[in-house]
Colleague: 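Handing you this structure, nothing more for now.
Values below: every heavy atom of this structure, side chains too, minus hydrogens, waters and symmetry copies. A note on names: the letters A, B, ... follow the listed sequences, proteins ahead of strands, and every chain is numbered from 1.
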Number of protein chains: 2
Amino acid sequence: MSASTGNRRPTIAAVAQAAGVSVSAVSHVFNGRTNISPETAQRIREAADALNWRPNLAGRRISGAVGNSIGLVVTQSEESFRRDPFFIRLIAGLTGPLATVGWSLSLTVAPEADEAQIYRQWWTEQRVDGFLLVDLRTKDPRIPLLRSLSATAVALGPAPAAFPAVTLDDDSALTEVLDHLAGLGHRRIARVTSAPGLAHSRKRDRALSAAARERGLQVKTLAWNENAADPVEELLAARGNVTALILDSEALATRVVSHAQDLGVRVPAELSVLSWEDSWVSELVRPRLTALSAPIEDSARHAVDLMHRMVRGEKPPSVVVPGRRLVVRESTGPVPT
Amino acid sequence: MSASTGNRRPTIAAVAQAAGVSVSAVSHVFNGRTNISPETAQRIREAADALNWRPNLAGRRISGAVGNSIGLVVTQSEESFRRDPFFIRLIAGLTGPLATVGWSLSLTVAPEADEAQIYRQWWTEQRVDGFLLVDLRTKDPRIPLLRSLSATAVALGPAPAAFPAVTLDDDSALTEVLDHLAGLGHRRIARVTSAPGLAHSRKRDRALSAAARERGLQVKTLAWNENAADPVEELLAARGNVTALILDSEALATRVVSHAQDLGVRVPAELSVLSWEDSWVSELVRPRLTALSAPIEDSARHAVDLMHRMVRGEKPPSVVVPGRRLVVRESTGPVPT
DNA sequence: TTGTAGGCGTTATCAA
DNA sequence: TTGATAACGCCTACAA
């Protein structure tokens, strides 16, 4: 198992020798102890730099240190992983905050069938200090699994109390969306969801129905059928007398507005379309999508913070991130007369 | 530095005790030795499962094991990282092959100013076993840096001989692109690039000019100015009598076709647009983009394979991945008469 | 087929 | 202010 490529990497002993001190002196310097004289410390640092040495993470870990990496296991199909701008924003948003605490992101995209095995392995072999849970499902098997492993985890989105969660303030967003549509005269709207098993989807369903009733709006739910020959066509055919569609994901919403024109349905003249997520893609399609923006970078920052505190033994409370905002573009308009 | 949360994780000793054997017996089983009797091995495995134990990666590493993780450091701005479907495809393509060898991907997105520091740190602290280099620039400072660190690296795209590289077969792609445009009657075309400093950009420039000359085509280069009030408008204004545009990146190309219509330039009636990269985004815009597809997943697989072999001490040769193909959609058409 | 013992790189305790 | 030394979890010669 040893590297076949010749000479070893420098160790703390090499640095100690180069600086003419003991290994513990070097260790002290690199662990922020203040008991080493400035001159000695300086000499040690120079020796370390000259040898390109930094404390070996594995050595550190073996002697009790904690906090290197958090795990993100995505079990969407590669296809939907690729098409969903959410993930790339999340990833980009995570790495900055992680870097400031000296951690990194361990990422994998895998089929759901491998999910349990990956969590189990990454945790037991101590590859990661904790997991960031996304796409929580109702009755999510990861919850009991991670509990049984005594693993550290932070959820992104609504989660059972077992783990602290970072959630978006969807309630105020909902108000904004319904007021916008009602103000345009819409009375019959539909929510379209592709993944009814997701926890946030269910929660959103209930909240939407309640808020709609208050305003005298009729809301129904339409299912997205990815396996249809033309999912957009099927959806449009099934819409009945609905005048506005709220799509759960941007991936879906963009496909609907792009393709509706091909199918002879004018957006927003005949049908308004609104996306529950927003990104640059919403600005790319024509008509541009009216969409609900989300402070994903804020969420990522909070998630890292929660993880950081948990790893240090705290039990931080969940956080709700405010700042969702409806970005009105061209895909919503007055109800057809 | 020790975890404050109570009882420790199980160790190899606990498993050995539970199975009634010595620690080395356990170690042997988990390292594929064949010298343990099937019954004993079975008992050991069961004990390990019961305790949720797997060999601690840090322990393994400290005793000479190698191969946990490869590093991917992206120094695009977060904005262009997010807008470029290439990265998400790359990431998704990497994790599968990595998982099959038991590795994971350590990812970060950081400003270019932090680049050297990150590479240096990740390598010296032995966080990763090697780096995957993307977006190589001409005179890329990472090359001498990684050489001086004796770091392992594999390049994606043209690279100096210092490191093995995985490159796409751009030559045949180029032929296909020029034949397509020439066949439509185009004689004056322009290549648009946003990042002239990238190595692949420069290489492509030379190849394109040469191939164009052979066919009697005029090629000029236009620069994308992201800082302009309206980059698309500026680009269109600067195009002169050019009848076809080849955009280096899909992010740019999609913006051009989407926005050209707003600006009254009809694509492809007045101007043909072709993208050097392809993804689902090219199908989303109207007109759909004619684009050059790339076998990114194949590249990812080769990159992992090269890394895997290098870490084991081999010196594998570079590979050229075939399979680029021009996907003709709606954004290219006959030259205007 | 199984077990003993030494070593891997680092940190922390405690003594000098 | 510095240094010697015993962990930490695991692997591998080598001995039994």
Colleague: If you only use heavy atoms from C-beta on, which nucleotide in C:dG3, C:dT10, D:dT12 is closest to the side chain of A:Trp53?
Modeller: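 Shortest atom-to-atom distance from the side chain points to C:dT10.
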
Colleague: Atom CD1 of B:Ile12 to atom P of C:dT4: distance rounded to whole Å?
Modeller: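 To the nearest whole Å, that distance equals 14 Å.
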
Colleague: Let me spell it out: for each of B:Asn35 and A:Val26, pick the nucleotide of DNA chain C with the closest heavy atom. Which residue's pick is nearer the 5' end?
Modeller: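 Its nucleotide being nearer the 5' end, the pick is B:Asn35.
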
Colleague: For the residue pair B:Gln117 and B:Trp122, establish whether any side-chain heavy-atom pair is separated by less than 4.5 Å.
Modeller: no

Colleague: Does the side chain of B:Arg60 get closer than 4.0 angstrom to OP1 or OP2 of D:dC10 through an N or O atom?
Modeller: no

Colleague: Can we say A:Arg54 and B:Glu125 salt-bridge, meaning some charged N sits less than 4.0 Å from an Asp/Glu carboxylate O?
Modeller: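 No, A:Arg54 and B:Glu125 are not salt-bridged.
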
Colleague: Salt bridge check, A:Asp49 against B:Arg120: does any charged N sit closer than 4.0 Å to a carboxylate O?
Modeller: no

Colleague: Any side-chain N or O of B:Thr11 less than 4.0 Å from the OP1 or OP2 oxygen of D:dG9?
Modeller: no

Colleague: Output the rounded distance in Å from CD (A:Gln17) to P (C:dG9).
Modeller: 14 Å

Colleague: Verify the contact: side-chain N or O of A:Ser27 to OP1 or OP2 of C:dA12, cut-off strictly under 4.0 Å; return yes or no.
Modeller: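 It does not, given that no N or O in the side chain of A:Ser27 lies less than 4.0 Å from OP1 or OP2 of C:dA12.
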
Colleague: Checking contacts here: which listed nucleotide (C:dT13, D:dC10, C:dT2) is nearest the side-chain heavy atoms of A:His28?
Modeller: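 Between C:dT13, D:dC10, C:dT2, the one nearest the side chain of A:His28 would be C:dT13.
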
Colleague: I'd like to know if A:Arg82 pairs up with B:Glu297 as an ion pair, taking the criterion as any Lys NZ or Arg NE/NH1/NH2 lying under 4.0 Å from an Asp or Glu carboxylate oxygen.
Modeller: yes

Colleague: Between A:Glu115 and A:Arg137, does any NZ, NE, NH1 or NH2 come within less than 4.0 Å of an OD or OE carboxylate oxygen?
Modeller: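 Yes, A:Arg137 and A:Glu115 are salt-bridged.
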
Colleague: Side chain of B:Asn56 only, heavy atoms from C-beta on: which candidate in D:dG3, D:dG9, C:dG3 is closest?
Modeller: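 Nearest nucleotide to the side chain: D:dG9.
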
Colleague: Which sits closer to the 5' end of DNA chain D, A:Val23 or A:Pro38, going by the nucleotide each is nearest to?
Modeller: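 Taking each residue's closest nucleotide, the earlier one in sequence belongs to A:Pro38.
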
Colleague: Ignoring backbone atoms, test whether B:Arg33 places a side-chain nitrogen or oxygen under 4.0 Å from the OP1 or OP2 oxygen of D:dT12.
Modeller: yes

Colleague: Please tell me which of the listed nucleotides, D:dA4, C:dT4, C:dT10, lies nearest to the side chain of A:Ser24?
Modeller: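 Taking heavy atoms from C-beta onward, the closest nucleotide is D:dA4.
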
Colleague: Do B:Thr124 and A:Asn56 have side-chain heavy atoms sitting under 4.5 Å apart?
Modeller: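 No. Closest side-chain heavy atoms not under 4.5 Å.
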
Colleague: Is any side-chain N or O of A:Thr40 closer than 4.0 Å to OP1 or OP2 of D:dT2?
Modeller: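 Result: yes.
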
Colleague: Could you state the atom-to-atom distance from CZ of B:Phe30 to P of D:dC11 in whole Å?
Modeller: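 Value for this atom pair: 9 Å.
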
Colleague: Would you mind reading off the distance between B:Asn68 atom CG and D:dC11 atom P, rounded to a whole angstrom?
Modeller: 12 Å

Colleague: Return the value, rounded to whole Å, for the distance between atom CD of B:Glu125 and atom P of C:dT11.
Modeller: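 Answer to the nearest Å: 12 Å.
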
Colleague: Taking only side-chain nitrogens and oxygens of A:Ser63, does any of them come within less than 4.0 Å of OP1 or OP2 of C:dG9?
Modeller: no

Colleague: What is the separation between atom CZ on A:Arg127 and atom C1' on D:dG9, rounded to the nearest whole Å?
Modeller: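 That distance rounds to 17 Å.
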
Colleague: How many Å lie between CD1 on A:Ile36 and P on D:dG3, as a whole number?
Modeller: 7 Å

Colleague: Side chain of B:Ser22: nearest nucleotide among C:dG3, D:dT2, C:dG9?
Modeller: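 For the B:Ser22 side chain, the nearest candidate turns out to be C:dG3.
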
Colleague: Rounding to a whole Å, what distance do you find between A:Arg9:CZ and C:dT10:P?
Modeller: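 It is 10 Å, rounded to the nearest whole Å.
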
